[in-house]
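Chain A is the first sequence line, chain B the second, and so forth, proteins listed ahead of strands; every chain is numbered from 1.
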There are 2 protein chains.
Amino acid sequence: MNPIEHIAQQFAAQNYKLTSQREAIVQVLLDNEKDHLSVEEVYMIVKHSYPHLGLATVYRTLELLTELHIVEKMNFGDGVARYDLRGDEQAHMHHHLICNVCGKLEEIKDDWLVDLESRLEREYGFTVTDHRLDFKGSYNSCKSTGCKKDKECKAVS
Amino acid sequence: MNPIEHIAQQFAAQNYKLTSQREAIVQVLLDNEKDHLSVEEVYMIVKHSYPHLGLATVYRTLELLTELHIVEKMNFGDGVARYDLRGDEQAHMHHHLICNVCGKLEEIKDDWLVDLESRLEREYGFTVTDHRLDFKGSYNSCKSTGCKKDKECKAVS
DNA sequence: TGCTTATTTCGTAACGATTACTAATTATCA
DNA sequence: TGATAATTAGTAATCGTTACGAAATAAGCA
């Protein structure tokens with residue numbers, strides 16, 4: 001089953017319709033899976049395939065996708081909400097490196113925290129459903145080569 | 001040296017003055033060290049000791065305290081910035097538990113991530129200067145007793 | 001002490017992201 | 001088809017935050 005079909009099923013399961021507008025927005029997220037797009041960015045991109053789509057619809061759709069746990073809403077302190085598609089299995093394996101020099105945001109998928117989470121269960125009586133782990137710092141290569149000019153670097157702040 | 005004096009030194013070291021308004025704001029933070037106050041909350045509290053203090057001054061002062069690394073600015077997804085005094089040594093030992101049931105926010109000080117951070121250094125060539133680790137989930141006691149009525153629980157969202 | 005200059009504060013206007021609202025459009029289904 | 005519900009578009013309103021100009025306060029110096 002391709003990703004769109006899978007998402008369509010998740011919509012149907014909760015009695016929501018995957019309209020053409022919503023599908024266009026989801027497609028933008030799929031096409032930019034590596035990024036953490038803001039509403040405005042999604043809006044600009046989706047306009048290419050769906051010129052008449054309204055900004056409020058992007059807000060509403062991303063909110064709905066968040067409720068359905070198809071995307072994760074995040075905030076990196078730059079004043080705008082950012083959204084990230086997330087596979088069901090990745091909830092506990094999704095971390096970030098944020099470079100102070102170039103602003104690049106790298107996503108890391110690893111199961112670093114499972115031990116900690118079972119420890120929270122034991123020692124704090126706290127059952128973890130989700131977590132967030134961001135590291136701020138700098139790539140050693142950035143510090144030496146002045147990576148600010150690198151076009152690959154996309155600042156988030 | 002008491003905390004206010006220590007902070008006064010940090011101000012002086014960067015050629016800023018610890019005015020009476022700034023001192024009143026810092027005192028509010030010291031008095032509520034366990035909480036993560038928003039600007040509006042600081043504003044409401046500081047009015048008791050300094051009725052004429054303006055909202056913009058609270059914004060400016062908290063911004064300045066952030067620059068001086070005396071407080072940490074955080075965002076828990078409830079649409080407002082929150083601020084937390086932080087000791088110099090705590091940068092890498094400062095995590096959160098956020099309860100989905102009652103909204104309580106618990107602060108945990110532990111050195112859980114030092115191993116991970118040295119691993120990032122080795123495997124990613126990334127030097128960590130700061131991190132953020134939030135766990136969302138629920139206290140087992142909350143789930144069973146309906147902790148929403150507990151006055152200790154302070155919602156953040 | 002007085003004068004000058006820089007810093008800080010105050011109140012409010014402006015800004016930008018987000019939400020709310022109304023009318024229009026589209027889908028559902030009896 | 002016709003009635004009802006869901007969705008969208010466009011825009012006004014809201015809310016947290018920032019910017020701005022004028023007034024107040026502090027610092028430097030003759």
Answer yes or no: is there a donor N or O on one side and an acceptor on the other, between the side chain of A:Thr61 and the main chain of A:Val58, under 3.5 Å? no

CG on A:Leu30 to CD1 on A:Ile4, rounded to 0.5 Å: 5.0 Å

Can you tell me how far P of C:dT7 sits from CZ of B:Phe11, to the nearest Å? 15 Å

A:Glu106 versus B:Tyr124, side-chain donor and acceptor atoms under 3.5 Å: no

With a 4.0 Å cutoff (strictly under), does any side-chain N or O of B:Gln21 reach OP1 or OP2 of D:dT25? no

Close side-chain approach of B:Leu65 to B:Phe11, heavy-atom, < 4.5 Å: yes

Kindly say whether A:Asp110 contributes a backbone atom to a donor-acceptor pair with the side chain of A:His95 at under 3.5 angstrom? yes

Given atom CD of B:Glu23 and atom C1' of D:dA26, what is their separation to the nearest angstrom? 16 Å

Would B:Arg132 count as a cation-pi partner of B:Phe76, with NZ or CZ less than 6.0 Å from the six-membered ring centre and within 45° of the ring normal? yes

Does A:His69 reach the main-chain N or O of A:Glu67 with its side chain, forming a donor-acceptor pair under 3.5 Å? yes

Could you give the NZ-to-C1' distance, from A:Lys17 to C:dT26, as a whole number of Å? 9 Å

Whole-Å distance separating the CG atom of A:Asp78 from the P atom of D:dT18: 13 Å

Nucleotide C:dC10, atom C1' - distance to CZ of B:Arg22 in whole Å: 14 Å

Which residues in residues 37-49 of chain A have at least one heavy atom lying under 4.0 Å from any atom of DNA chain C? none

So if I take residues 51-63 of chain A and measure heavy-atom distances to DNA chain C, which residues fall below 4.0 Å? A:Ala56, A:Tyr59

Verify the contact: side-chain N or O of A:Thr19 to OP1 or OP2 of D:dA6, cut-off strictly under 4.0 Å; return yes or no. no

Rounding to a whole Å, what distance do you find between A:Ile25:CD1 and D:dT8:C1'? 10 Å

Would you call the rings of A:Phe135 and A:Trp112 parallel, tilted or perpendicular, where under 30° means parallel and over 60° means perpendicular? perpendicular

Which of these nucleotides, C:dT18, D:dT17, D:dT7, is closest to any side-chain atom of B:Ala81? D:dT17

Rounded to the nearest Å, what distance is computed from the OH atom of residue B:Tyr50 to the P atom of nucleotide C:dT8? 14 Å

Run the numbers on A:Val42 and A:Asn32 for side-chain contact (heavy atoms from CB on, under 4.5 Å), then give the verdict. CA-CA 9 Å; A:Val42 171; A:Asn32 296 273; over 6 Å; no

To the nearest angstrom, the OH-C1' distance between A:Tyr16 and D:dT8 comes to 15 Å

